[in-house]
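For the numbers below, each heavy atom of this structure counts, side chains included, while hydrogens, waters and symmetry mates do not. Here is how names work: the chains are called A, B, and so on, in the same order as the sequence lines, proteins then strands, and each is numbered from 1.
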Amino acid sequence: MAAAVLFDAPGPKTVRRHRIYTLVASLSLLAVLAFIALRLQQTGQFAYVKWEPLLTPKYIEALLVDGLLKTLQMAFTSIIFAVVFGVVFGVGKLSEHAWVRWPCWAVVEFFRAVPVLLMMIFFFYEVKVAGGVSNGTTGAYWSVVAALTVYNGAVLAEVFRAGVLAVPRGQAEAAYAIGMRKTQVMSLILLPQAVKIMLPAIISQCVVALKDTSLGYAIGAIGLSTVGRSIYNGFQNQIQTVFVMALLYIVVNYLLTLVATWVQHKLVGQRKPLEVGMVGGPTPDRTLV
Amino acid sequence: MDVVLDNASAVALAFGYTLSLFVVAGVLSGIFGTLLAAMRVGPVAVLSRAAAIYVTLVRNTPLLIVIIFFRFAGPKIGLTWSFVDISIGDLNLNNLYAACVVGLTVYTTAFVCEALRSGVNAVDLGQAEAARAIGLPFSGVMREVVLPQAMRASVPPLASVQIAMLKNTTVCGVLGVLEAFARMKGLTNDYASSRTEIFVAFALIFVVLVEVLSFASARLERRWRVA
């Protein structure tokens, strides 16, 4: 709802009151910021020694190449697998055959409800025992990718299902009427139209995947969080390293969000973005944003 | 299943930690999220801007980084939470626990704010217009017309946020709270050969918890549905 609808254009009295509110709010926000800055200053967090590691080419390279690049790589690998997983199970959930529908439903519900970390550590032990890929970091890398694939795949399965269901019913009916088969209707008519609706949701899911790659920390998978840990453990500059790590994540995720919004405007227009709740069931579609 | 049953009390204690994290952080994030949402939709531009910045920053940071900040970086500037030392039965709520709760709260608050804001957005424009047309002031519009409907509309997104938070409590297990994830890791280390059973048991408990929450929210949603 546009904020302007909630209240009238303020009159002279209200304008004065709002000015006072604004002044008080600004002062208290400034006070909080000043307090934080003072605290940082008092504990010597602005000292150059603390920041030096983060300005040294060697560590910048470690943060960007071993950290950010690996993190992005993990996120995008798992999103690509997750899209495949999501298409298979999302379409499976729409199947007319109960023996396909129910297993797909169970798989999707299971992987949506189990925390990513549990799956990550489980896969990690599995590959460790299986040997093969367990040599050092490869096993950890693929454990993160596998855990993120099944989790995001399950979420995307719901997105695909909702997207296909959002295509007007006449489309499928018309396709059947001209004699198409079920697979043709799905692959030629429904999915191409659904992708348009789903794309913003898929990109938003990339943000979730990217944030969750940080959990590779728990199994020592090389990524931004793990590289950050070794830097702050070495130099005892937790504040500074966490600041830089957070900044990198925020910049990348914010860019992804902008892309998602742009795609939304480009492909879907003013309609509400496709939202798939944790809970399932219909979401209210009557909105005026 | 034997391993899990033999260690039933340890597993129960671990889920006790998980649930206590969930409840404490859930209540706190509910309170702060509501305040933040009020700032976000209110008429004071500075507060609205500040809330928007907070939400953007926190939403784009991984939870792990947020908790690492309070767990490892906080103590460097004197944020130690050492005054927290409560024991409830076997639950020992110390400063590590407090740091994790604060991290979870700071993170979830941003999502609660967005869920509530989407609830306000879901209210039909005509409702607010009609309320203003009959002469209600801003407080009246909000209290009598918009908020009651917004609360109902925000039940599903709020439930989503809190269910995600329940799963997010596992991150605290990485950083020193002995909750479900940490316990599962410990058991897997001790009984490596039954790791699959252990995983399945812990995963199923989480599935049950999530299903209970989503069932409750579906019931609430149905009861409160706007006619």
Can you say whether [X] sits under 4.5 Å from chain B via the side chain, the backbone, both, or neither, judging by heavy atoms?
{"X": "A:L29", "value": "side chain"}
{"X": "A:Y232", "value": "side chain"}
{"X": "A:Q236", "value": "both"}
{"X": "A:T257", "value": "side chain"}

Taking [options] one by one, which has the highest count of heavy-atom pairs under 4.5 Å against chain B?
{"options": "A:Q42, A:K211, A:Q238", "answer": "A:K211"}
{"options": "A:L117, A:L256, A:L40", "answer": "A:L117"}
{"options": "A:T14, A:L118, A:T43", "answer": "A:L118"}

- In residues 106-114 of chain B, which residues are in contact with chain A at a heavy-atom separation under 4.5 Å? B:Y107, B:F111
- Under 4.5 Å, heavy atom to heavy atom: which of residues 171-179 of chain B reach chain A? Give them by number, or say none. B:V171, B:V174, B:L175
- Item | Interface residue of largest heavy-atom contact number with chain A, from B:T56, B:N189, B:L63, under 4.5 Å | B:N189
- Message: Counting heavy-atom pairs closer than 4.5 Å to chain A, which one of B:V46, B:N168, B:I77 comes out on top?
- Response: B:I77
- Task: For A:M119 and A:Y151, work out which heavy atoms get closest and say how close.
- Result: CE-CB, 3.9 Å
- Which residues share a side-chain hydrogen bond (donor to acceptor under 3.5 Å, both in side chains) with A:N152, sequence neighbours left out: A:Q205
- Query: Does the side chain of B:T196 come within less than 4.5 Å of A:F122's, by heavy atoms?
  - Reply: yes
- Message: With a 4.5 Å cut-off on side-chain heavy atoms, are A:E158 and A:V108 touching?
- Response: yes
Measure from the side-chain N and O atoms of [X] to the backbone N and O of [Y], and report whether any donor-acceptor pair falls under 3.5 Å.
{"X": "B:R195", "Y": "B:A192", "result": "yes"}
{"X": "B:K167", "Y": "A:R112", "result": "yes"}
{"X": "B:T18", "Y": "B:A180", "result": "yes"}
{"X": "A:S26", "Y": "A:T22", "result": "yes"}

Distance (rounded to the nearest 0.5 Å) between [X] [atom1] and [Y] [atom2]:
{"X": "A:I250", "Y": "A:L255", "atom1": "CD1", "atom2": "CG", "answer": "12.0 Å"}
{"X": "A:Y249", "Y": "A:M245", "atom1": "OH", "atom2": "CE", "answer": "8.0 Å"}
{"X": "B:K76", "Y": "A:R39", "atom1": "NZ", "atom2": "CZ", "answer": "14.0 Å"}

- Query: Which answer fits B:R117, side chain, backbone, both or neither, if we ask what part of it has an atom under 4.5 Å from a heavy atom of chain A?
  - Reply: neither
- Message: Heavy-atom cut-off 4.5 Å, strictly under: side chain, backbone, both or neither for B:T188 against chain A?
- Response: side chain
- Is the number of heavy atoms from other residues, nucleotides or ligands within 6.0 Å of CZ (B:F15) greater than 12? yes
- Count the heavy atoms belonging to other residues, nucleotides or ligands that lie under 6.0 Å from CZ of A:F110, then report whether that count exceeds 12. yes
- Item | Residues forming a salt bridge (charged side-chain N to carboxylate O under 4.0 Å, His left out) with B:R40, sequence neighbours excluded | none
- In terms of ring plane angle, is the pair B:W81 and B:F70 parallel, tilted or perpendicular, where the classes change at 30° and 60°? tilted
